[in-house]
Amino acid sequence: GKLGDTVKFSEFTEKQINAMKDVIADHPFKVGNDYRKDQAIYFKGELKSVTVYGDVRTDEEIFRDVSGISKDDANLLAHYDMRFAEGSDVIPDRSGNGINVTNLNPTSDTVDEGEGMTFSMSNKYTEKYQSSIFPHTVEAMIKLPVGETGDKAIIGNYAPDTGKPSTYQLRTVNGVPRLILYTPSGTALEYRFTNLTAAELCTGEWEHLTLVMDTDAREFRVYLNGVP
């Protein structure tokens, strides 16, 4: 594994950071797609799992998470294992917190590929219940084909066309992780973690990608397959 990249968010004032934490937690997130209509940024590989934590995970915890999560972790907000998806309608929250994600268009062509799930433009998996805690850490087990290009949404509640500020989304763009934030002031900020290359992420194999939003340290970090 390796520590992928770190970016500082000096653009934010303390007031904006506090507002970001409040509003992000108040707005439902989507898995494998986003809120905007007719946007072909659905995830174009396979997702095996997506996990959300309320705390800033340590390097040691992230390394352990690559091998599996503990449902007894007090900071675990939601865990989606695509192998337990109920047909194409619901992906249940395996953390026990009941934050299921439901497909708003259950007749669309989501396919369980055995280990992972694929998506389409029409899939809109959204959480049924809003979480009240800021998601400081997001982890995903993903598989992207070699040479894959374009935007691919993993998880987030990024919704600039709703007038809702302080939303986020973790994507890969041309094989490079990207975080998009719509700030309380209405500004869209994009962070590309360019120390990770497409050759490292688009391998055709399962890769564990982690995003940490550390508001106290005022930085975002991504990890690929844990930390050395």
Side-chain angles (χ1 to χ4, degrees), residues 28-53 65-69 71 76-129 131 135 137-159 168-180 198 201-211 222-225:
F29 56 75
K30 279 186 164 32
V31 173
N33 214 320
D34 74 2
Y35 277 86
R36 293 172 294 173
K37 296 179 180 179
D38 303 320
Q39 292 285 332
I41 63 166
Y42 60 90
F43 195 74
K44 299 177 182 66
E46 290 184 57
L47 283 179
K48 180 186 288 186
S49 65
V50 177
T51 309
V52 183
Y53 292 93
D65 291 343
V66 174
S67 300
I69 62 106
K71 295 181 181 179
L76 178 62
L77 298 181
H79 174 64
Y80 305 106
D81 186 329
M82 308 310 174
R83 295 170 297 181
F84 292 92
E86 299 173 2
S88 62
D89 297 346
V90 176
I91 306 173
D93 173 17
R94 302 285 293 177
S95 73
N97 293 327
I99 309 177
N100 298 332
V101 289
T102 302
N103 192 354
L104 302 183
N105 184 25
T107 60
S108 57
D109 57 344
T110 299
V111 178
D112 184 344
E113 296 289 355
E115 284 193 297
M117 180 176 282
T118 63
F119 296 81
S120 71
M121 187 185 299
S122 56
N123 289 137
K124 297 290 182 181
Y125 280 93
T126 185
E127 63 174 295
K128 187 174 182 181
Y129 305 105
S131 172
T137 305
V138 175
E139 301 178 346
M141 189 68 77
I142 67 176
K143 182 192 289 187
L144 289 170
V146 175
E148 182 62 47
T149 60
D151 285 10
K152 301 160 195 65
I154 297 174
I155 186 173
N157 58 5
Y158 181 62
Y168 81 101
Q169 186 177 77
L170 174 62
R171 302 182 190 175
T172 63
V173 180
N174 297 329
V176 176
R178 179 187 292 186
L179 173 65
I180 299 179
L201 199 57
C202 300
T203 62
E205 304 292 337
W206 289 109
E207 307 290 350
H208 188 273
L209 182 65
T210 300
L211 166 69
V222 293
Y223 299 73
L224 180 61
N225 298 324

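Between S95 and A78, the closest heavy-atom pair is OG-CA, 3.8 Å. Scanning all heavy atoms of the two residues, the minimum distance from T118 to G45 falls at CG2-O, 3.7 Å. Here the closest non-hydrogen pair linking G147 and C202 is N-CB, 4.2 Å.
Residues D89 and T102 are not in side-chain contact: their nearest non-hydrogen atoms beyond the backbone lie 4.5 Å or more apart. Contact of the Y53 side chain with the L77 side chain is not registered, since no non-hydrogen atoms from C-beta on lie closer than 4.5 Å. Residues R178 and V176 fail the side-chain proximity criterion, which asks for heavy atoms closer than 4.5 Å. Within the 4.5 Å cutoff, the side chain of T51 has no heavy atoms near those of the M141 side chain. In this structure, the side chains of L144 and F43 come closer than 4.5 Å at one or more pairs of heavy atoms. Looking at heavy atoms from C-beta onward, P177 lies in side-chain contact with L209 at the 4.5 angstrom threshold. Within the 4.5 Å cutoff, side-chain heavy atoms of Y168 are placed close to those of V138. Looking only at side-chain heavy atoms (C-beta outward), T210 and D65 stay at 4.5 Å or farther from each other.
With rounding to the nearest 0.5 Å, the separation of CG in N33 from CD1 in I155 is 12.5 Å. From S67, atom OG reaches atom NE2 of H208 across 9.0 Å, with rounding to the nearest 0.5 Å. The distance from atom OG1 of T172 to atom NZ of K44, rounded to the nearest 0.5 Å, is 8.5 Å. I91 CD1 to M82 CE: the interatomic distance, rounded to the nearest 0.5 Å, is 4.5 Å. Atom NZ of K152 and atom CG of N174 lie 6.5 Å apart (nearest 0.5 Å). Of the inter-residue distances, the one linking N225 atom CG with W206 atom CH2 reads 12.5 Å to the nearest 0.5 angstrom.
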message: For a side-chain contact (heavy atoms from CB on, under 4.5 Å) check, start with the C-alpha distance between T137 and V52, then their side-chain angles and the critical distance, and finish with the verdict.
response: CA-CA 6 Å; T137 305; V52 183; over 6 Å; no

task: Please test I41 against R171 for side-chain contact (heavy atoms from CB on, under 4.5 Å), starting from the C-alpha separation and ending with a verdict.
output: CA-CA 9 Å; I41 63 166; R171 302 182 190 175; 3.8 Å; yes

task: May I have the step-by-step check of side-chain contact (heavy atoms from CB on, under 4.5 Å) for I142 and L201, ending in yes or no?
output: CA-CA 9 Å; I142 67 176; L201 199 57; 4.1 Å; yes

Check against side-chain contact (heavy atoms from CB on, under 4.5 Å), L211 and L179: CA-CA 9 Å; L211 166 69; L179 173 65; 3.8 Å; yes

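Checking side-chain atoms of D93 against main-chain N and O of N100 turns up no donor-acceptor pair under 3.5 Å. When atom types are taken as modelled, the side chain of N157 and the backbone of F29 share no donor-acceptor pair closer than 3.5 angstrom.
Between R94 and D81, no side-chain nitrogen of the basic residue sits less than 4.0 Å from a carboxylate oxygen of the acidic one, so the salt-bridge criterion is not met.
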